[in-house]
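Scroll down for the structure; my scribbles are underneath it.
Numbering of ligands and ligand atoms starts at 1, following listing order. For this chain, numbers begin at 1 and follow the sequence in order. Predicted, not measured: the structure shown is a model, and the values here were computed from it.
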Amino acid sequence: MLIDVRPMLKGEVREIKLDYLTPPPEDFNDIHFTGDIRITGEIVNHAGYQTLDAVAEVPFDTHCSRCWKDISRSFTLNIHKVLATRQSLQNQTEDNDDYLLIEDQKIDLDSPLLEAMMLEFPYTFVCKEDCKGLCAKCGKDLNEGDCDCPKKEIDPRLAILQKLLYK
Ligand SMILES: [Zn+2]
Ligand SMILES: [Zn+2]
């Protein structure tokens with residue numbers, strides 16, 4: 001969504017509250033997004049410059065990377081940006097990632113947000129910190145108790161494969 005910051009640039013308002021939904025990224029790997037991204041926060045006008053502080057939250061389904069159990073989570077990203085015009089950006093040499101461009105008195109938050117979200121999104125999830133995973137030999141879910149196989153470190157992906165093979 002394009003956010004109109006004209007009233008702020010004209011000095012009519014000091015704050016613009018944000019609370020809107022935007023479509024989630026494409027599903028990737030084993031991540032399936034189950035709802036829109038909700039963005040809440042505010043743009044505040046300080047003396048001569050504007051900042052944006054917001055939180056983006058998106059729900060998704062995935063699997064535990066150890067035991068492959070279904071899990072539903074939500075991912076939260078904090079966003080802090082300084083608003084800038086193209087002119088003011090040309091005059092400084094620092095990393096532009098901290099800036100959000102004002103174009104035609106509007107800002108597009110969604111594109112940089114999706115980009116940041118994809119960068120920050122974790123690769124794997126576990127159903128619980130101490131998930132014991134599956135036995136690589138017999139495929140038993142070790143959260144439900146030990147099996148009789150000899151114990152050694154296993155690759156969870158192999159465990160899943162073996163579970164399928166020996167079902
Ligand atoms: Zn698990
Ligand atoms: Zn076993």
About how many Å separate OG1 of Thr85 and OH of Tyr99, when rounded to the nearest 0.5 Å? 11.0 Å
To 10 degrees, how wide is the angle SG (Cys147) to the Zn ion (ligand 2) to SG (Cys149)? 110°
Ring-plane angle category for Phe75 and Phe121, please: parallel below 30°, perpendicular beyond 60°, tilted otherwise. tilted
Give the cluster check for Ile16 versus Val55: same hydrophobic cluster or not, with ILVMFWY residues linked at side-chain heavy-atom distances below 4.5 Å. no
Need one value: angle at the Zn ion (ligand 1), Cys67 atom SG versus Cys131 atom SG, rounded to 10 degrees. 110°
Quick one: angle Cys127 SG - the Zn ion (ligand 1) - Cys64 SG, to the nearest 10°? 110°
Asn29 side chain to Ile31 main-chain N or O, any donor-acceptor pair under 3.5 Å? no
